[in-house]
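First the structure, in the form of structure tokens, and then the observations on it.
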Number of protein chains: 2
Amino acid sequence: MKRGKAKSQVVTMRDVAKESGFSSATVSIVLNNAPLARYIAPATKERIEKTAKRLGYRPNVMARFLRSQRSHTVGVMFFDVLDPFCTPTLRGIENALFSTSCLPFFADAQNQRNRFERYLEMLLERHVEALIVVANWLFVDINLLADLSKRNIPVVTIGWEVANETVSSVMVDNEAGARLALEHLYLLGHRKIAFIRGPKAIIDSAPRWKGVQKFAQGAGLEIDPGLVAELPDVFDTYSGFEAGYRLTQELLGRKKRFTAVLAFDDLTAFGALRALTKAGIKVPEQCSVIGFDDIAPAALAAPALTTVRQPLEAMGALAVSIVMDGINAATEKRAAPVVHRRSTPELVVRESTRPAAGRGSGD
Amino acid sequence: MKRGKAKSQVVTMRDVAKESGFSSATVSIVLNNAPLARYIAPATKERIEKTAKRLGYRPNVMARFLRSQRSHTVGVMFFDVLDPFCTPTLRGIENALFSTSCLPFFADAQNQRNRFERYLEMLLERHVEALIVVANWLFVDINLLADLSKRNIPVVTIGWEVANETVSSVMVDNEAGARLALEHLYLLGHRKIAFIRGPKAIIDSAPRWKGVQKFAQGAGLEIDPGLVAELPDVFDTYSGFEAGYRLTQELLGRKKRFTAVLAFDDLTAFGALRALTKAGIKVPEQCSVIGFDDIAPAALAAPALTTVRQPLEAMGALAVSIVMDGINAATEKRAAPVVHRRSTPELVVRESTRPAAGRGSGD
DNA sequence: TTGTATGCGTTATCAA
DNA sequence: TTGATAACGCATACAA
């Protein structure tokens with residue numbers, strides 16, 4: 001009944017229609033520049049557009065969804081957004097999404113499975129057109145994600161790969177990255193190198209170690225098992241730091257000389273850095289340290305950390321382009337191809353590495 | 001016409017109605033546990049609920065919005081999400097929002113005014129029920145936000161305050177924080193202290209400096225103008241680091257002794273740390289450094305940074321509770337109160353500060 | 001070149 | 001205790 005203007009500050013299409021003197025069908029056609037707009041008189045168009053602007057009309061995405069079945073919305077789910085890995089990835093996703101006029105829903109599982117599931121539910125209730133999962137370690141039932149794909153909702157994971165035929169993924173080329181890191185140390189003359197391997201449960205660990213082994217083999221570098229440590233499978237956000245610290249102390253305790261540490265990731269490297277510093281060993285003068293990831297603190301540390309950079313922003317953008325392809329495929333009733341992309345890591349040389357001390361320690 | 005079951009994997013309420021043999025009205029009443037559900041036969045309820053579960057029915061939030069005018073969605077807008085200030089804040093927001101079953105849209109202005117405006121537009125099109133703005137420095141036309149408030153969309157800013165009667169805000173008590181920092185140095189015996197003040201354009205700068213001055217006055221500590229530097233008004237994400245580095249070098253160049261540096265924020269402190277290290281001055285042995293914010297890298301640095309902690313997660317949660325009050329007020333047609341909250345900072349003592357060197361440098 | 005009518009998935013009002 | 005029906009804001013098929 002009473003359409004009180006008291007309540008409704010929101011301008012609807014009907015308001016524009018009434019005000020401009022045309023039907024809402026015409027208004028719809030004009031404002032959306034639909035195919036039929038070809039046949040609308042220019043004067044009409046102009047009048048409608050002007051009143052729309054004057055009234056401050058804004059299309060209602062939700063009402064539109066009811067007809068078009070398009071929500072112009074995607075879900076972005078993090079396993080743990082506090083992981084420094086996530087922020088640049090998020091930036092990359094946001095940036096790429098911006099030009100598609102899709103808006104992302106933000107969800108953070110906080111490494112809890114039930115939160116993950118609840119968020120999946122909420123995302124589904126809101127009919128996201130795609131889902132991007134930024135993953136680090138938590139293990140989620142693959143079927144949950146596969147279910148989405150079956151509903152024709154494209155899913156892509158970043159930093160984690162599902163052994164599954166229905167979910168796309170974007171990961172850095174871990175093997176190449178590890179090779180880059182070791183090669184760097186090798187070219188600086190380091191031969192006694194300590195390694196802190198990643199936890200078994202993390203998917204990146206194996207390929208990184210493989211990269212190390214392959215390079216070592218090719219270069220004739222011997223990996224001393226006495227200089228190899230491995231991170232345990234515990235996953236608080238910053239556990240890598242603590243563990244890196246502890247393992248480096250332990251390595252130091254073994255009384256085997258080493259002139260460089262190759263850490264699983266930057267967090268571990270920071271832990272190593274602190275342990276070395278505490279032990280009175282100067283980095284990089286007496287020992288070099290190299291990390292992996294290039295998270296923000298790497299550039300801030302003193303000494304600034306040499307590391308292998310994951311192109312996280314680009315990976316985020318890549319993920320967006322993959323799901324967008326999927327959305328377009330779905331719209332055109334084509335099957336969305338599932339792809340697994342590998343991005344190329346890059347060596348970033350800063351201050352924590354330098355040529356192996358001539359004589360003095362090594363050899 | 002043909003309602004092909006080929007396409008629609010989505011279960012609607014009508015599907016549940018058809019399958020259970022009741023009308024969709026009844027289904028709606030039961031599934032929402034509406035007041036009328038009191039009068040529905042238990043057997044009916046059970047049957048409906050079972051079929052709903054069996055079919056995997058999920059309410060469509062958008063369709064629901066059309067009737068209820070509630071989108072169960074809020075906007076979270078960042079000026080620059082790469083600022084380390086943002087991540088914990090985001091976590092706090094997300095965490096508090098989770099229990100309200102509102103889902104946040106993520107928007108990042110990347111410090112660009114036009115992006116900010118475009119996102120505002122997109123958020124409005126999606127009928128967010130509230131807006132939380134996580135701000136650091138960019139200056140946005142206040143009226144844009146005030147407009148939202150006028151539409152009964154509650155707005156709260158975190159880390160930035162609008163000189164305006166319609167937008168709520170949450171900030172740390174900068175004055176108290178600065179006092180905490182200086183007091184810490186003072187109690188450690190430092191008397192020759194260098195200061196790096198914040199940029200004029202940042203709202204936090206003035207109150208922090210006021211806190212410093214007040215404490216100095218109260219304690220009879222002299223602030224040597226020759227030991228005071230000020231960050232310039234440039235705002236790339238990490239410009240504070242560079243500037244802190246440069247200004248510390250300059251301070252060092254003035255040849256005036258100082259035994260501690262009180263930096264505007266952690267980024268600046270990291271810059272100072274590096275400059276000191278480069279100059280061969282050991283921290284904290286020869287010079288203490290204190291920051292402000294307690295961003296993640298502070299705990300990772302070697303030495304770990306002593307700083308004043310902003311309770312960012314709590315601030316995010318507080319912002320959520322403010323807008324939720326606003327939403328509830330709007331629902332009940334009450335006026336939403338505008339509030340300005342100050343959160344209490346906390347001193348975090350780590351490794352970068354220690355008692356002033358007995359003799360040797362100071363005095 | 002433009003208008004009318006219908007339906008998208010829900011919920012609220014009214015009848016039965 | 002339950003079922004028709006209308007309406008939310010929009011876009012399309014069809015009519016004019």
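Fair warning: this is a prediction, and the values are worked out from it, not measured in the lab. Reminder, nothing fancy here: chain letters follow the sequence lines and each chain counts from 1.
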For [X] and [N], what is the distance between atoms [atom1] and [atom2] respectively, to the nearest whole Å?
X: B:I29; N: D:dG3; atom1: CD1; atom2: C1'; value: 9 Å
X: B:R47; N: D:dT1; atom1: CZ; atom2: P; value: 15 Å
X: B:R126; N: D:dC10; atom1: CZ; atom2: C1'; value: 15 Å
X: A:I48; N: D:dA11; atom1: CD1; atom2: P; value: 13 Å
X: B:R70; N: C:dT10; atom1: CZ; atom2: P; value: 18 Å
X: B:L66; N: D:dA7; atom1: CG; atom2: P; value: 14 Å
X: A:F65; N: C:dG9; atom1: CZ; atom2: P; value: 8 Å
X: B:M62; N: C:dG7; atom1: CE; atom2: P; value: 22 Å

Practice task
Looking at every strand, decide which applies to B:R58 at a 4.0 Å heavy-atom threshold: base, sugar-phosphate, or nothing.
Solution key: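 B:R58: backbone/sugar contact only, no base atoms under 4.0 Å.
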
Exercise for the section: Would you mind classifying the nucleic acid contact of B:F22 as base, sugar-phosphate or nothing, using non-hydrogen atoms under 4.0 angstrom? Expected result: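 Here B:F22 touches the backbone only, sparing every base.
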
Under 4.0 Å between a side-chain N or O of [X] and OP1 or OP2 of [N]?
X: B:T26; N: D:dT2; answer: no
X: B:S24; N: C:dT11; answer: no
X: A:R64; N: C:dC8; answer: no
X: A:S68; N: C:dC8; answer: no

Which nucleotide wins on minimum distance to the side chain of [X], given the candidates [options]?
X: B:S23; options: D:dA4, D:dG9, D:dC10; value: D:dA4
X: A:M13; options: D:dA11, D:dG3, C:dT11; value: D:dA11
X: A:A25; options: C:dG3, C:dG9, D:dA4; value: C:dG3

Problem - Axis deviation across the helix from C:dT1-D:dA16 to C:dA16-D:dT1, five-pair ends, to the nearest 10° - result: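 About 50°, once rounded to a multiple of 10°.
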
Practice task
Kindly determine whether B:R115 and A:N95 satisfy side chain to side chain contact (heavy atoms under 4.5 Å, CB included), including the steps that lead there.
Solution key: CA-CA 10 Å; B:R115 273 181 93 94; A:N95 200 46; 3.4 Å; yes

Problem - Distance flag, aromatic centroids of B:F105 and A:F105, threshold under 6.0 Å - result: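 Distance test on ring centres: under 6.0 Å, yes.
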
Regarding [X] and [Y], does a basic nitrogen lie under 4.0 Å from an acidic carboxylate oxygen?
X: A:D325; Y: A:R334; result: no
X: A:D147; Y: A:K150; result: yes
X: A:E49; Y: A:K45; result: no

What's the spacing between [X] [atom1] and [Y] [atom2] if we round to 0.5 Å?
X: B:T89; Y: B:L318; atom1: OG1; atom2: CG; result: 12.0 Å
X: A:C102; Y: A:I327; atom1: SG; atom2: CD1; result: 5.0 Å
X: A:F78; Y: A:F85; atom1: CZ; atom2: CZ; result: 9.5 Å
X: A:L148; Y: A:T166; atom1: CG; atom2: OG1; result: 9.0 Å

Exercise for the section: For the residue pair B:R64 and B:N32, confirm or rule out a side-chain donor-acceptor distance under 3.5 Å. Expected result: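 B:N32 and B:R64 do have a side-chain donor-acceptor pair below 3.5 Å.
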
Practice task
Please list, by residue number, the residues of residues 30-46 of chain B whose heavy atoms come closer than 4.0 Å to an atom of DNA chain C; answer none if no residue qualifies.
Solution key: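 DNA chain C contact set from residues 30-46 of chain B: B:N32.
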
Practice task
Determine whether any donor atom in the side chain of B:R67 lies under 3.5 Å from an acceptor atom in the base of D:dA7, or the reverse, and answer yes or no.
Solution key: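 Such a pair is found, so the answer is yes.
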
